[in-house]
Amino acid sequence: MIVMKFGGYQKPASIHNRAASYFGELLKERLGSALDFQLIGSILDELGRSSGDLPEMVAKGELSFCYMSTVRFTTAVTELRILELPFLVEDRVTAYRAFDGAYGELVKSRMRENSPFRLLGIWDNGFRHLSNCVRPISKPQDCRGLRIRTQTSELHGEAFRALGFEPLAIDIKEFTETIASGRVQAQDNPLTNIYNFGVHKHHRHITLTGHFYGASAMICDEARYRNWPREIRTVVDGAALEATAFQRRLAAAEDAAILAKFVPGELDIVRLTETGRAAFVAAVRPVLDRHRKDFDPALLALLETQ
């Protein structure tokens, strides 16, 4: 019997864990009694580990698969840093076309060349929005002086400083406690995380900026993958492809679903006007222009809405 463990860091209702569960169902359906599939939906809650431990756990064989923000892989795969550029990716259709085309093939190849991992799918980690506990944010000037929790991305930090925030990188393990304690006054996340991690219970003000588009890498260990029999690899590849499509369908519907769960009157949802959004784009334009030069223009064009 083959034991396969899939690790994540989110709540059971998250679109990532639902997709991971679906992946397991497909594997069990096709491999039957030859497989023991286990989903550890949150290594934070179930194992007391940090989300950043997931790739190492895969490399060591403690896990067979995991999902993880592509931010964690930008040292090995520099082309993934394109996804950290503010306001570059503006629609999912374009992103998915790039992920399933030349851009996706390139980052998969780079992942195999420069890391122990095999990229099985690029998942949708959502458009990131702002929330805070101090005041409504409708223009860049409203961001000034607010300490904001960020992912471990220097590029994200640059963009937030350009808006007037004081960025502080904090792992998701400490995220909820940090938000509840008021150590930071602001954070950014897709709506699904704002709801599922309970951020909305502490942050009354949410601004739908969509300033970054996030992606997650579904990975396994390349050497372990190569040691599986060919028929197992074929099943894993097919199930990963279907689970990726399923996850993206969930992601595309998630923003509307989460907004419907927010209780009217309890939260202040700021929907930017076209002019208002343009002000945020202009504020971070120097950051975008400075880092665009680091990448092949043809790759950028694959991800930008024409």
Side-chain angles (χ1 to χ4, degrees), residues 4-12 14-24 38-84 89 95 99 103-104 107-108 110-128 149-156 169-176 188-190 192-193 196-197 212-225 236 239-240 243-244 246-248 250-251:
M4 293 184 175
K5 297 181 180 180
F6 197 125
Y9 59 89
Q10 297 187 350
K11 303 299 180 182
S14 78
I15 57 179
H16 284 58
N17 279 349
R18 286 154 64 192
S21 179
Y22 180 65
F23 174 68
Q38 302 170 23
L39 173 60
I40 306 171
S42 174
I43 65 166
L44 287 68
D45 298 333
E46 298 176 50
L47 303 179
R49 305 284 293 266
S50 297
S51 63
D53 293 341
L54 282 164
E56 181 183 4
M57 293 171 73
V58 170
K60 289 182 175 179
E62 296 175 62
L63 296 171
S64 308
F65 313 95
C66 77
Y67 59 78
M68 171 55 59
S69 169
T70 56
V71 167
R72 298 282 183 170
F73 302 102
T74 53
T75 300
V77 186
T78 57
E79 291 83 0
L80 287 173
R81 292 183 69 240
I82 293 175
L83 299 175
E84 298 176 42
V89 179
F99 295 164
Y103 177 78
V107 297
K108 286 178 180 179
R110 292 280 192 267
M111 188 79 83
R112 289 194 299 270
E113 293 168 1
N114 302 326
S115 83
F117 307 117
R118 183 178 190 87
L119 181 60
L120 294 170
I122 303 177
W123 288 7
D124 186 326
N125 209 17
F127 285 95
R128 302 180 77 85
R149 177 268 173 182
T150 74
Q151 291 183 283
T152 54
S153 163
E154 292 183 9
L155 215 161
H156 280 194
I170 298 172
D171 185 83
I172 197 72
K173 182 180 180 181
E174 305 170 47
F175 174 70
T176 304
D188 82 312
N189 253 303
T192 184
N193 287 352
N196 286 316
F197 281 100
F212 295 125
Y213 172 76
S216 290
M218 178 191 175
I219 63 167
C220 68
D221 180 79
E222 175 69 21
R224 193 160 290 104
Y225 173 91
V236 166
T244 296
F246 177 71
Q247 193 275 341
R248 292 176 186 174
L250 293 176

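Here the structure is a predicted model, which means the values were calculated and not measured.
Counting heavy atoms from C-beta outward, F99 and T244 have side chains that stay 4.5 Å or more apart. The shortest distance between side-chain heavy atoms of T192 and Q10 does not fall below 4.5 Å. Side-chain contact between S115 and F73 is absent, with no heavy-atom pair separated by less than 4.5 Å. With a 4.5 Å cut-off on side-chain heavy atoms, H16 and N125 count as touching. Looking at L250 and R18, their side chains come closer than 4.5 Å, going by heavy atoms from C-beta outward.
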- [ ] Show your reasoning for whether side chain to side chain contact (heavy atoms under 4.5 Å, CB included) applies to I219 and M68.
- [x] CA-CA 8 Å; I219 63 167; M68 171 55 59; 5.7 Å; no
Open item on the list: If you apply the rule side chain to side chain contact (heavy atoms under 4.5 Å, CB included), what do you find for N189 with R149, and how did you get there?
Closed with: CA-CA 10 Å; N189 253 303; R149 177 268 173 182; 4.1 Å; yes
Task: side chain to side chain contact (heavy atoms under 4.5 Å, CB included) assessment of M57 paired with C66 - done: CA-CA 9 Å; M57 293 171 73; C66 77; over 6 Å; no
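Nearest heavy atom pair, residue L120 against residue V236, reads CD1-CG1, 4.2 Å. Between G52 and P55, the shortest heavy-atom contact is O-CD, 3.5 Å. Shortest non-hydrogen contact noted between R248 and I122 is NH2-O, 3.1 Å. Residues A95 and V89 come closest through the heavy atom pair CB-CG1, 4.0 Å. Contact between A169 and Q151 at its shortest, heavy atoms only, is CB-O, 3.8 Å. The two residues A19 and F246 come nearest to each other via the heavy atoms CA-CD2, 3.9 Å.
Considering CE of M111 and CG of L80, their distance stands at 6.0 Å, rounded to 0.5 Å. Distance check, rounded to the nearest 0.5 Å: OH of Y213 to CD1 of I82 gives 14.0 Å. Separation of atoms OG (S216) and CG (L83) is listed at 10.5 Å; rounding is to 0.5 Å. Atom CD1 of I170 and atom OG1 of T152 lie 11.5 Å apart (nearest 0.5 Å). Note that CG of L63 is 11.0 Å distant from CG of D221, once rounded to the nearest 0.5 Å.
One side chain, S51 or D171, offers a donor N or O that lies under 3.5 Å from an acceptor on the other.
The closest donor-acceptor contact from the side chain of D53 to the backbone of S50 lies under 3.5 Å. Checked by atom type and distance alone, the side chain of N17 pairs as donor or acceptor with a backbone atom of G41 at under 3.5 Å. Between the side chain of Y103 and the backbone N or O of E79 there is at least one donor-acceptor pair closer than 3.5 Å. The main-chain N or O of S153 is never found under 3.5 Å from a side-chain atom of R81 such that the two would form a donor-acceptor pair. Using modelled atom types, no side-chain atom of S42 and backbone atom of K11 make a donor-acceptor pair closer than 3.5 Å. Checking side-chain atoms of R128 against main-chain N and O of F212 turns up no donor-acceptor pair under 3.5 Å.
Applying the ring-ring contact (aromatic ring centres under 6.0 Å, His included) criterion to Y9, with sequence neighbours excluded, gives Y67.
For CD of E154, the number of neighbouring non-hydrogen atoms (other residues, nucleotides, ligands) closer than 6.0 Å is 12 at most.
C220 pairs with exactly one of F117, F6, Y225 by the side chain to side chain contact (heavy atoms under 4.5 Å, CB included) rule, that one being Y225.
Using a 4.0 Å cut-off between charged side-chain N and carboxylate O, E62 and R49 make a salt bridge.
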